[in-house]
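Encoded as structure tokens, the structure appears first; notes follow it.
So that the names make sense, note that chain A is the first sequence line, chain B the second, and so on, each numbered from 1. None of these values were measured; they are calculated from a predicted model.
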Amino acid sequence: MPGEAWLLDITDASDGRSVLLWTKDRGSGAVRSEAVAFRPPIYAAAPRTDRTALARDLRNDPLVDEVVERTERPSLFDTRPVTLLAVRPCSNRSRRTIAEKIDRRGDFHRFTLYDVDLTAPQLYHLTHDLYPFAPVVRRNGAWVVTEPAELVDYELPPLRLAPLEVRWTGGTRLPGPGDRITEIRLGPERLEGAEEELVRALPSEIARLDPDVVLTDGGDALDLPWLYAGAARYGLSDAEFVLGRVPSRWSPLRGARSYMSYGRVLHSAAAFNLPGRFHFDRANSVLFEDIELPGLIDAARLSRLSLQSVVRQSPGTSFSAMEIAEAVRSGVRIPWKKNRPERFRTAEHMVSADRGGTILRPPVGVHDHLDEFDFASLFPQIMVRHNLSAETLDCPCCPKSPHIAPELGYRSCTKRVGLLPRTLLPLLTHRAALKAAMRASPLGSPERRRLHGRVKMLKWILVTAFGYQGYRNARFGRIECHEAINAYARELFADMVREAERAGYRLLHGIVDSMWLAPGPGCVPAEEFARTIGERYRLPLGYEGRYRWVVFLPTVSDGFGVPNRYYGVYESGEFKLRGIGGRRHDTTGVARRLEGEILQILAKARDASEFRHLVPRALARADRFAERLREGDWPRTDLTIARRTTAAVDDYAVFTDTVSALYQSRAIGRLLEPGEKVRYVVLERRSRSWSNRVRLEGTMHGDERYDIDAYLELLAREVETLLAPFGVTRAGLLARWGARPAPPRDRYTSPSRPRQLRLATG
Amino acid sequence: MGRTAPTYRQALDERLKRWETFERLLTTPKEREAFALLRSGARRYVAQATQVGSPDLLESILLSVLLDIAQRLPPRDADAD
């Protein structure tokens, strides 16, 4: 049933005592906000001896409004009810301060605190059965949703999107010292003029266009801080310079930081929110690069997190919020700090338990007519099927459970379904429905693309659901779950080797949940094999398709196959590419283009033998690229190299192209933090001068002479990656193209940089 | 990332590195080739050795190397049994 309006968002109100409900009217499209008083309590469990004194002290605390005793089972692990103190703060802003006080009073271990880091808007969603983007109607003075969040096919409110972009003196996007704002682009509007004029005009322009979503590319790091600094310079107050739908302070929501994730150094800029609107900064979002609006809205609906948080945070945050929502629904409180240390285990158990899924090394070279099968969402399916969750593993109630993790012996509960499976099951159903709808929609249609984005978002969330089990700070995570999932997966994979043989196939390659099988004469048809296995093991196995050919690529070190580096073409004509240039974010335009053209040539092959015949043609294409590159007029935009910095500029020990670019960036007043990307063109890779070696993107004129050898090297590396199994080497290509070899990388010492000196001598 | 025990692959690389000292004192090309064969034999069965998850690294290496050699032997003559 359509509602009268959509609930767009719930945000904290500035008074600290209420939340703002933002709704968009179905008829007029107008966005309204409404303040509702809401100050949810935090909960503290304390031993009886401490509780009375704690309650008395809290009642005298000026930050605390009210303290009430309640008896309930706050934790998933509680078997008996306990008495809790429900502590209502005077302001939502002091939730954390009060919690820290209580924790300190309990010497950081005697009291358990609940619901502390849930925000008021999040709790309002959860306690009032609301969710972001819900259709709502007004009933008895309150908003009520008209359909469940889990609905797959729902109507989205029409959202007004407006890109925002600031330009500085000379039309550049990289302001140097003394530069002023000369242009602001907002949606279709282009404002030009003196900086003060522009800054003063912007709030009314935004209010006139009234976008729901403001899109920027680097707004957090660049556009917004500059605009706010400008507003301050011209004496505009918070109430005058309003870019959101209500006045707010201009300070960033979160400071900038560098961090490590999956072995990479990443950077996130300070976050600026525009209350009442969503701000999507393409350059400062883990997800937004990849996932489009429909997928993000799905995640917001299912997690009950504001769309703004979903965009800013990792998919893991969304998944945690979904677990929280499920826990709150079942009457459990959310622990603040995880007080659940790992058990002591023997070293032997550690070696046996601390392993991932099975990963084979594929036979290097081109293979034809292989069938590929994937278990759909294998890890989440295993968690659901074997009821794996922190509180269901080795529970005291089921010593005879038949669900025993292979090799490890962990049992799972048979009496109650765990929080993790309860959270996962609807997600799996949701994803399966979206995937089916996607397959049914026409190839290349906008509808299919939208559905693809939604499937991908859920995939990421499901992936983190597994990863979080092994993360020590994950609220409901438990390392034994992580180990059990892997053990079940390895067991399944080992079974598949024989299953495939019995069905007339031979297993050629496999990674955790995917298998590449060579069909023998008289084998069971692929679709049937997938169906039977899926039914026998009660885990859905999908048939991805038959390859015309697929090439497995070798490592440089030992020549064996790399599990996750291959490319091939299905019989449908669709490519599958993994671990080669085009799949990586940092591949330079020219290399990407060559790779694309080589793949187009090879795609004409119908089997391995035709493929081999086409290799010389692919090489001839590479030769043509090399020749044109040597002429020196390749478009410079295609030569821009993007590198993620891994350290501060002074901490590099070797003088590289990237270091040169970082010096240039600093010289124009833009100091890059570890994890930020730097983009440049290589001019002279042998140069020892940072100003001559490369040219920073944004300061290019387009007629610079580039280093031909450096780019030939880049091409050679790309071609070697694709064609190494056929005897093509980088050195051979470079010799054929007459390129000079790369200069040796040596330590760079600068007497003015003591840290580098130490690295160089030590 | 967050692992406590090194993976089999990492432990194997470490051990093979140690064996380089042994290799350096080999004096004939034939011995060096044979040594390279051992090394590749150990690497060929990384997935299978990982699946066993034995705390005894050498057991896994030996098993891999022996299997690599065994499967290179000429097919067994039925009469020889």
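Side chains of B:Thr7 and A:Arg355 form no contact here, defined as non-hydrogen atoms less than 4.5 Å apart.
Closest approach of A:Leu360 and B:Gln48 over heavy atoms only: CD2-NE2, 4.2 Å. Contact record, A:Arg490 with B:Gln51: O-NE2, 3.1 Å, taken as the closest heavy-atom pair. For the pair B:Arg43 and A:Arg361, the tightest heavy-atom approach, listed with the atom from each and the gap, is O-NH1, 3.6 Å.
More than 12 heavy atoms of other shown residues, nucleotides or ligands fall within 6.0 angstrom of atom CD in B:Glu23. No more than 12 heavy atoms of other residues, nucleotides or ligands shown are found within 6.0 angstrom of CZ on A:Arg498.
For chain A, the nearby parts of B:Arg44 are the backbone and the side chain; heavy atoms of each come within less than 4.5 Å.
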